J.: 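My structure is below; once you've seen it, I'll send some questions.
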Amino acid sequence: MAPAVQPVRGTHDLIGDDARRHAHITACFRGVAERYGCQPIATPIFEFTEVFHRTLGETSDVVAKETYSFTDRGGDSLTLRPEMTAGVARAFLSNGLAKDLPLKFYGWGPMFRHERPQKGRLRQFHQVDIEYLGLPEPQADIEVVALGHDFLGALGLATRVELRLNTLGDGASRAAYRAALVDYFTGHRDRLSADSLARLERNPLRILDSKDPGDREIVVGAPRLSAHLNPASQAFFAAVRAGLDALGIPYVVDERLVRGLDYYSHTAWEFVTADLGAQGTVLGGGRYDGLIEMMGGPATAGIGWAAGIERLAMMIDLPPDRRHVVAVIPVGDAALLPAMALSHRLRQAGFTVEQGARGSVGKRLERAVKQGAAVALILGEDELARGVVKRRDLASRDEVDVPLADLEQALAPWR
RNA sequence: GCGGGCGUAGCUCAGUUGGUUAGAGCGCCAGAUUGUGGCUCUGGAGGUCGCGGGUUCGAUCCCCGUCGCUCGCCCCA
């Protein structure tokens, strides 16, 4: 049993700069998503296990080995969400939102996967998430990819990520291709790696991006997805590409980029980076037109993406804190309550105020400077008696007495 | 889940061919300076040497296990 003071394996605390990085990322995300007309959504971090089994498939790795499931006191099997899409789809059905289509959602929060932790991979991690429902046209694909592109750009990562794009085709194209692939790999099954042999059973498309050198030789001769696309699927992908070209969003087509789950169709994409080792995917998305129907709802188009906040946090530069902190420094016991009242008044007036409570005036000034304060207000018996407060500019060290009544005005530059 | 590397103070790290009180820098607290900061000086707090077992007269050091981190695989954000 691990000591109680240790966090659970693969979890971590967000404190200080880590917390600020996360806050900055979610703030950027909200700003960009709102500009695209998305509305916020928050769903529970756990669902009935069935929700994930129905949507992710019994055989997917996420469900088979990565899921945090437990039985609650009522005997129900519950699962901590490994991703957001299933919960959003369930919420769509639970709340009868079909009448409100189309819908554009943005959300974020913790996700849970029981995996071996490594850099950029945690058991509790955080994602920002976009889900578009009821928009079957390629314009939605273009818009949603553009949203991700703008989001990464807002974080200053435009030059450090590359957009990889592929199509899986519609259901018919995909089924035909899958069959051809199974045929081909079955013919070479004696030369496939053990991992790929397993993939042949439950997820043959995944063999295409195997890292095993032997597999790669076989993959070279494998049938191409592009050759199995029917005209409608080809036209859809061409429209998506034309849209990205028109918006000036660069991408590379990567035919080995696949999605394992059956309900995915058409566009799949990832923004990848070389800066994070084995966990290079920073944002991944796809179209999931079959999902809602698979859950028992009406046939409803869906497309979305998720990005890992921790992975992004490792890449961004933390923007400087631009708050102006006003430090209030009482001198002597008699000044303590008046100083607190002063701090209270200034906070209500919209200033950011830190009030020192310990040590000499020198210590308090020192602490104020370290906290990033730009100006200090010194309030002692002398000032109290005269109805003023001493305003000290911490950069220039200039001091001036300011009548209490004029304080807000005298602090205007530091608001 | 599989394989490799690493765990000494809050942080970055020294150290011991196994030997008595485990060190440094930075950070933190305090004093010099009882109403004035960024420098300097002085002092202080802070360590089950990850945890458990073994070998040994003696283990932070060697061995085993375990927990955690890390790199890769699987998979994915």
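Being a predicted model, the structure only gives us computed values, none of them experimental.
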J.: Describe, in one word, how the ring planes of A:Phe271 and A:His149 are oriented to each other, choosing from parallel (under 30°), tilted (30 to 60°) and perpendicular (over 60°).
T.: tilted
J.: Quick one: which residue pairs count as a salt bridge (Lys or Arg N to Asp or Glu O under 4.0 Å) with a foot in residues 121-137 of chain A, not counting sequence neighbours?
T.: A:Glu115-A:Arg121
J.: Looking at every strand, decide which applies to A:Glu399 at a 4.0 Å heavy-atom threshold: base, sugar-phosphate, or nothing.
T.: base
J.: Does A:Arg311 make a side-chain donor-acceptor contact with the base of B:C76, cut-off 3.5 Å?
T.: yes
J.: Classify the side chain of A:Arg392 versus the base of B:G37 as yes if they form a donor-acceptor pair under 3.5 Å and no if they do not.
T.: yes
J.: Output the single nucleotide from B:G37, B:G72, B:A77 whose closest atom is nearest the side chain of A:Gln118.
T.: B:G72
J.: In whole Å, measure the gap between the P atoms of B:G50 and B:C13 for me.
T.: 15 Å
J.: Do A:Gln124 and A:Thr11 pair up side chain to side chain, a donor and an acceptor below 3.5 Å, judged on atom types alone?
T.: no
J.: Could you state the CZ-P distance from A:Phe125 to B:C76, rounded to the nearest angstrom?
T.: 12 Å
J.: Where the side chain of A:Arg9 is defined as all heavy atoms beyond and including C-beta, which of B:A30, B:U36, B:C69 is the nearest nucleotide?
T.: B:C69
J.: Look through every strand shown and name the nucleotide pairing with B:A45 as Watson-Crick or G-U wobble, where both distances are under 3.5 Å.
T.: none
J.: Check this for me: does the side-chain of A:Arg121 come within 3.5 Å of the base of B:A77 through a donor and an acceptor?
T.: no
J.: Do A:Thr79 and A:Thr67 have a side chain donor and acceptor closer than 3.5 Å?
T.: no
J.: Which of the following nucleotides, B:U36, B:C28, B:C74, is nearest to the side chain of A:Lys370?
T.: B:C28
J.: Using modelled atom types and a 3.5 Å cut-off, is there a donor and acceptor pairing between side-chain atoms of A:Arg21 and backbone atoms of A:Ala313?
T.: yes
J.: Which nucleotide sits closest to the side chain of A:Leu394: B:A30, B:G37, B:C75?
T.: B:G37
J.: Show each protein N/O and nucleotides 3-9 of chain B N/O combination with a separation under 3.5 Å, one pair to a line.
T.:
{"residue": "B:G3", "atom": "O6", "partner": "A:Arg116", "partner atom": "NH2", "Å": "3.3"}

J.: Please give the distance between the C1' atoms of B:C69 and B:A22 as a whole number of Å.
T.: 24 Å
J.: Under 30°, 30 to 60°, or over 60°: which ring-plane class applies to A:Tyr68 and A:Phe112, parallel, tilted or perpendicular?
T.: perpendicular
J.: Enumerate the protein-to-nucleotides 32-35 of chain B contacts in which both atoms are nitrogen or oxygen and the separation is below 3.5 Å.
T.:
{"residue": "B:G35", "atom": "O6", "partner": "A:Asp382", "partner atom": "N", "Å": "3.2"}
{"residue": "B:G35", "atom": "O6", "partner": "A:Glu383", "partner atom": "OE1", "Å": "3.4"}
{"residue": "B:G35", "atom": "N1", "partner": "A:Glu383", "partner atom": "OE1", "Å": "2.9"}
{"residue": "B:G35", "atom": "N1", "partner": "A:Glu383", "partner atom": "OE2", "Å": "3.0"}
{"residue": "B:G35", "atom": "N2", "partner": "A:Glu383", "partner atom": "OE2", "Å": "2.7"}

J.: Look at the side chain of A:Glu366 and decide which nucleotide, out of B:G37, B:C71, B:A77, has an atom nearest to it.
T.: B:G37
J.: Do the ring planes of A:His188 and A:Tyr184 sit parallel (below 30°), tilted (30 to 60°) or perpendicular (above 60°)?
T.: tilted
J.: Looking only at side-chain N and O atoms, does A:Asp183 offer a donor or acceptor that is under 3.5 Å from a partner on A:Thr186?
T.: no
J.: Which is true for A:Gly285 with a 4.0 Å heavy-atom rule: it touches a base, it touches only sugar-phosphate, or it touches nothing?
T.: nothing
J.: Rounding to an integer number of angstrom, what distance separates B:C26 and B:G43 when you compare their P atoms?
T.: 14 Å
J.: Is the shortest heavy-atom distance from the side chain of A:Val375 to the side chain of A:His324 under 4.5 Å?
T.: no
J.: What distance, rounded to whole Å, do you find between the two P atoms, one in B:G5 and one in B:C64?
T.: 11 Å
